Amino acid sequence: MRFGGPPSVCASLPPHMRDRYDPLEIEPRWQERWKQANAFRLKGGRPKLYVLEMLPYPSGRIHMGHVRNYSIGDALARFRRMQGFDVLHPMGWDAFGLPAENAAIKQKTHPARWTWSNIAHMRSQLRRMGYSYDWDREVATCHAGYYRWQQSIFIRMFEKGLVYRKGGSVNYCPKDATVLANEQVVGGRCWRCGTGVEERDLEQWFVRITDYAERLLEGLDTLEGCWPDAIVTMQRNWIGKSVGCEIRFPLEASLDGQAEIAVFTTRPDTLFGVTSLSLAAEHPMALPLARQGGHEDDVRAFAQRARKAGAQAREAGEVPIEGVSTGAFARHPLTGERLPVYVASFVLMQYGTGAVMAVPAHDSRDFVLARTLGLPVKVVIQPPEGPLDPATMMDAYEGPGTMAASAGFDGLPSEEGKLAVIEELERQGKGRKAVRFRIRDWLISRQRFWGAPIPMLYCERCGIVPEREDRLPIILPEDVEFTGVGGSPLAQHPTFTKAECPRCSGPARRETDTMDTFVDSSWYFLRYLSPRYEKGPVDPGAAAALMPIDQYIGGAEHATGHLIYSRFFHRMLRDMGIVPANLPEEPFTRLVCQGMVCMFCGREGCGRVHAMSKSHGNLVEPDAIYEKYGADTARVFILFAGPTDKDIDWTDTGVEGAHRFLQRVWRYVGDNLEALKAAGPVDPTIAAATPARRALRRITHQTIRRVETDIERFQANTAISAIMELVNAMYAFSPADDGDRAVQREAVDVVVQALSPFAPHLADELFSQLGGEGFLIDRPWPRFDADAAREDLLEIPVQVNGKLRGRITAEREEGEDAIKARALGEPNVAAHLAGRPVKKVVYVPGKIVSIVV
RNA sequence: GCCGGCGUGGCGAAAUGGCAGACGCGGCGGACUCAAAAUCCGCUCUCCGCAAGGUGGUGUCGGUUCGACUCCGACCGCCGGCACCA
């Protein structure tokens, strides 16, 4: 029996014989009780709060990054529950994806088997960490009950023209044998396997996210201050809005009815500095113009070379600036000047119009090209520092200035000049204001098996047709062999591809591509609201009651992928009426990104610290930690190691320190249990009767406030420090009578409650030993008493000329003049004044006295 | 190259423009012990000093201020993102 026998016997035992802190016994016991009681469900009748952590990919086991992410979220969720919020705190699985398929090939099994067994294991690991999830809301994206609704959304998107098929150059990973979205190409390599990405011409499914570019950009303004600055900036850059104009340059000789070349520029003010045009190698007019100009072979060879070199050089970060003449000419739209047309290596077909006007004096790439090809350089913007000389310029001048050699525009500042030139072009019908975005449409089809099937059919008579809603879900077949050769198993399946056209009932071929897994994770947070809802993807009532997400927590690596896709999806579903229109556009009101968990590199001779990973040989398995120290220790360590947004180093000594702290709390309660249980409630008058009581009460109540504010600003490290200080103060306090013991008991209660968001098992166990009923998560957060927290004597430092020279103690109520006078009279201060005349005395109430001589 | 972030003890770190280094780790000392471990208590930025006290100190240089780790400007270093986006 715990704490069995008469207290005298217990107290007389040597410390090691008394009940030891045994998290391995305590933690599973409380986890079972929480489960039995459904402790983490919504309660109703309180203000809602949606706390969400990014859902994991079920790779097989949780890692320290998960532990950090989820410990941060759980601390907040539990704290808010204690504060009286109805906290929605769900968890699920981003369960489609390539690793399952690779495992299936290796183990000759089905990806579903591998995935579901991983989920089962990881779920038990998360339960073992004691996180306060409502597991009844669990969602797995590979479950037909989930992707059925995603297929339904896809069809709605198709009907609205938000998803379409398009041919053209796409990113292709030869190792994973599938295409990739732009966001999945990292430094020219596949985000998953690191293989160099190739360009291929294929027809694929795209989502028209560019339609939402402007709204996604505007929304970022409302997130300012609520999301990390870095993420907002990264998204802004990724969307990449450029305001400028499209200008049409007439061709000298028209070509198959095409009489002009359109370019996009953000610098119409430099229009009079144009000395040539440059086309992308893939530009549809490049070859025809070259044919016309008699340079077909040159241009063809150049285009081929550029494309091949392009992919490799781009990944190395260096593509040489080169160009080749087409032999054709265009005319300047305002001056009629003759301009040669080139094909240039750095012009991208995917951006703008695939053609640029070359202004060598004011664009560094055009400058390099002009110098290599011996083209003229015309200065049309003069910088404020003084005029430029085209003959001696070493580089382009890209800054602002005054327009020159620009017909009627001379003397205009470049900013005004932009507008003036656009106006003139519009008047003459030769161009117009235009806005371009860097973000491209989202390529969402994948030539893989383990993903949500795209619910589309190809009918010989009707063309591309969506599947009928009542035939959803299109389920992934189970009778599939994973050989790893010959492309997607779906395409090779004997019956999957055979279907009936919903329109004409004729034979149709089923689409065998599946959706990018980022589609799955773009709306999962909505499915949590009504995970088994049968009438649609989301129950509108639940969405209205529970959205938006008040706090989202996850890794910064999703800045330009998941976090943009989800913002897009939420807007789109809102526009479709699937999400109620009175909800805000932004799904994630606040966002916090946790830093990485790092450790000294395991490889010999490396000597550096980096993120934990298998390849660095510095993995610490969460299982090993909670089996040795318990989940509470793991949680406290990882939260105490540093502020949420910074990287932290895993150290064994740090883990032991965290464990020692929990033991110290445990021991204090155990050693004083009978007295604590017998203690009465605090009476403010009695509690204020002695300085020692006042001091302990003061730090007790200061701790309440500190922990509150620190959790709110995601600094669990300082919240835990504050609790440590209170524990130290408790150890220093020796109670002598009932008045003392009431104050001591209050301090212990606050420690236990304040600790519960971080070390919930230990806290609930101590709470129960102290006579508490139920779970701390259902108890109100301790009430802060400002009177008790207030310092009764102020210690005020005194500075002379900015240097600390002494300190005085003052009563709260003491007047400014009296404090200043005593500051001047303080012996050490007086010595430093040394009779010099005092110029000024500043008193910041309660803070400091500053004397200037 | 552009954008963003960060530079504080032996280490992780703390500090709304107001006492730099809370809290923890490590180290040193003490108590307990036959002893060790565990635990509890104390000390632990630098230099001068027996001490009182003083000196210097938050990457570097400058500025604003009675007062700057904190705000502003320039630079150096590290980390992250984007990278021919016209």
Side-chain angles (χ1 to χ4, degrees), chain A residues 14-16 20 186-188 228-234 236-238 240-242 244 263-267 270 278 310 313-314 317-321 344-348 350-359 362-366 368 398 436-440 556-557 559-560 595-596 610 637 640-643 645-658 660-661 663-664 667 706 709 715 717-725 727-728 731-732 795-807 828 831-832 839-844 846-853:
Chain A
H16 69 273
R20 281 195 42 247
V186 182
D229 291 345
I231 307 284
V232 172
T233 313
M234 278 160 81
R236 248 188 216 121
N237 294 341
W238 190 264
K241 180 178 180 174
S242 301
V263 305
F264 173 73
T265 181
T266 55
R267 294 295 304 271
T270 65
S278 301
R314 219 161 284 163
E318 273 302 307
V319 179
I321 289 171
S345 59
F346 60 88
V347 182
L348 304 172
Q350 305 97 300
Y351 187 78
T353 60
V356 300
M357 60 184 211
V359 186
H362 305 294
D363 180 286
S364 63
R365 297 154 304 181
D366 297 339
V368 173
E398 296 182 332
R436 289 292 130 115
F437 293 93
R438 204 200 75 122
I439 191 172
R440 313 241 213 276
E557 68 273 21
T560 52
M596 293 183 299
H610 22 222
F637 166 72
F640 184 66
D645 53 340
K646 285 179 101 183
D647 290 353
I648 56 169
D649 293 335
W650 184 274
T651 62
D652 293 342
T653 51
V655 178
E656 271 162 26
R660 204 148 46 215
F661 166 62
Q663 267 179 328
R664 191 167 150 87
R667 200 177 312 115
R706 283 173 69 185
T709 54
Q715 292 218 7
N717 55 331
T718 48
I720 293 168
S721 317
I723 302 170
M724 286 172 169
E725 285 180 63
V727 171
N728 290 343
Y731 268 90
E795 195 172 69
I796 297 173
V798 184
Q799 291 181 341
V800 178
N801 282 351
K803 286 198 198 308
L804 179 73
R805 292 307 180 188
R807 56 191 80 225
N828 198 42
H832 280 91
K839 280 195 201 144
K840 195 172 173 185
V841 181
V842 181
Y843 173 58
V844 183
K847 292 275 190 196
I848 204 163
V849 177
S850 185
I851 301 166
V852 193
V853 295

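The shown structure was predicted, so the numbers you read here are calculated from the model rather than taken from an experiment.
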Let's see if you can work this out: which of [options] has an atom nearest to the side-chain heavy atoms of [X]?
X: Y731(A); options: C40(B), G67(B), C85(B); result: C40(B)
X: M234(A); options: G81(B), A86(B), G56(B); result: G81(B)
X: N828(A); options: C66(B), G54(B), G12(B); result: G54(B)
X: D229(A); options: C66(B), A15(B), G5(B); result: G5(B)
X: V347(A); options: A86(B), C66(B), A22(B); result: A86(B)
X: V844(A); options: C19(B), G18(B), C66(B); result: G18(B)
X: N717(A); options: A15(B), G81(B), A13(B); result: A13(B)
X: L348(A); options: A86(B), C19(B), U55(B); result: A86(B)
X: Q799(A); options: C19(B), C23(B), G4(B); result: C19(B)
X: H832(A); options: U39(B), G54(B), C19(B); result: G54(B)

Tell me the interatomic distance from [X], atom [atom1], to [N], atom [atom2], rounded to whole angstroms.
X: E656(A); N: G27(B); atom1: CD; atom2: P; result: 12 Å
X: D647(A); N: G80(B); atom1: CG; atom2: C1'; result: 9 Å
X: E725(A); N: G24(B); atom1: CD; atom2: C1'; result: 11 Å
X: L804(A); N: G67(B); atom1: CG; atom2: P; result: 15 Å
X: N237(A); N: C2(B); atom1: CG; atom2: C1'; result: 9 Å
X: Q715(A); N: G24(B); atom1: CD; atom2: P; result: 17 Å
X: K803(A); N: U55(B); atom1: NZ; atom2: P; result: 6 Å
X: K839(A); N: U65(B); atom1: NZ; atom2: C1'; result: 14 Å

Can you tell me the Watson-Crick or wobble partner of [N], both distances under 3.5 angstrom?
N: A86(B); answer: none
N: C43(B); answer: G27(B)
N: G4(B); answer: C79(B)
N: A51(B); answer: none

Notebook entry, point to check: Should T270(A) and M357(A) count as side-chain neighbours, where that means a heavy-atom distance under 4.5 Å?
Noted result: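 They are in side-chain contact.
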Check: Nearest nucleotide by nearest heavy atom, which residue falls closer to the 5' end of RNA chain B, K847(A) or Y351(A)?
Finding: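 Per heavy-atom nearest nucleotide, the more 5' residue is K847(A).
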Check: For M724(A) and A230(A), take the nucleotide of RNA chain B holding the closest heavy atom to each; which residue's nucleotide lies nearer the 5' end?
Finding: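 Going by which nucleotide is closer to the 5' end, it is A230(A).
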Mind checking the [atom1]-[atom2] spacing from [X] to [Y]? Nearest 0.5 Å is all I need.
X: K847(A); Y: I796(A); atom1: NZ; atom2: CD1; result: 11.0 Å
X: H832(A); Y: K803(A); atom1: NE2; atom2: NZ; result: 9.5 Å
X: Q350(A); Y: R440(A); atom1: CD; atom2: CZ; result: 5.0 Å
X: R365(A); Y: D363(A); atom1: CZ; atom2: CG; result: 4.0 Å
X: R436(A); Y: Y351(A); atom1: CZ; atom2: OH; result: 8.0 Å

Reckon [X] has a side-chain N or O less than 4.0 Å from the OP1 or OP2 of [N]?
X: R365(A); N: C85(B); answer: yes
X: R438(A); N: A86(B); answer: no
X: N728(A); N: A22(B); answer: no
X: T233(A); N: G81(B); answer: no
X: R805(A); N: G53(B); answer: no
X: R664(A); N: G24(B); answer: no
X: R660(A); N: G26(B); answer: yes
X: R667(A); N: C40(B); answer: yes

Note to self: What I want to check is whether the side chains of R664(A) and N728(A) have a donor and an acceptor closer together than 3.5 Å.
What the structure shows: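 The criterion, which ignores hydrogens and geometry beyond distance, is satisfied for N728(A) and R664(A).
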Taking the [atom1] atom in each of [N] and [M], what is the distance between them to the nearest angstrom?
N: G56(B); M: C3(B); atom1: P; result: 38 Å
N: G1(B); M: U8(B); atom1: C1'; result: 31 Å
N: G57(B); M: A68(B); atom1: C1'; result: 14 Å
N: U60(B); M: C6(B); atom1: C1'; result: 16 Å
N: A14(B); M: A22(B); atom1: P; result: 13 Å
N: A83(B); M: C76(B); atom1: P; result: 25 Å
N: G21(B); M: G54(B); atom1: P; result: 15 Å
N: A20(B); M: C45(B); atom1: C1'; result: 10 Å

Could you check whether [X] gets within reach of a base, just the sugar-phosphate, or nothing at all, counting any heavy atom under 4.0 Å?
X: G352(A); result: nothing
X: P643(A); result: sugar-phosphate
X: V852(A); result: sugar-phosphate

Next item on the list: Answer yes or no: is there a donor N or O on one side and an acceptor on the other, between the side chain of E398(A) and the main chain of S364(A), under 3.5 Å?
Entry: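 Checked: pair present.
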Next item on the list: Using modelled atom types only, decide if a donor and an acceptor are shared between the side chain of N801(A) and the backbone of V853(A) within a distance under 3.5 Å.
Entry: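 Yes: the side chain of N801(A) pairs with the backbone of V853(A).
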Checklist line | Syn/anti state of G9(B) by chi, 90° boundary around 0 | finding: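 Base orientation relative to the sugar is syn.
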Check: Can you find a donor-acceptor N/O pair under 3.5 angstrom joining the side chain of T653(A) to the base of C25(B)?
Finding: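 Under the 3.5 Å cut-off, the side chain and the base do not form any donor-acceptor pair.
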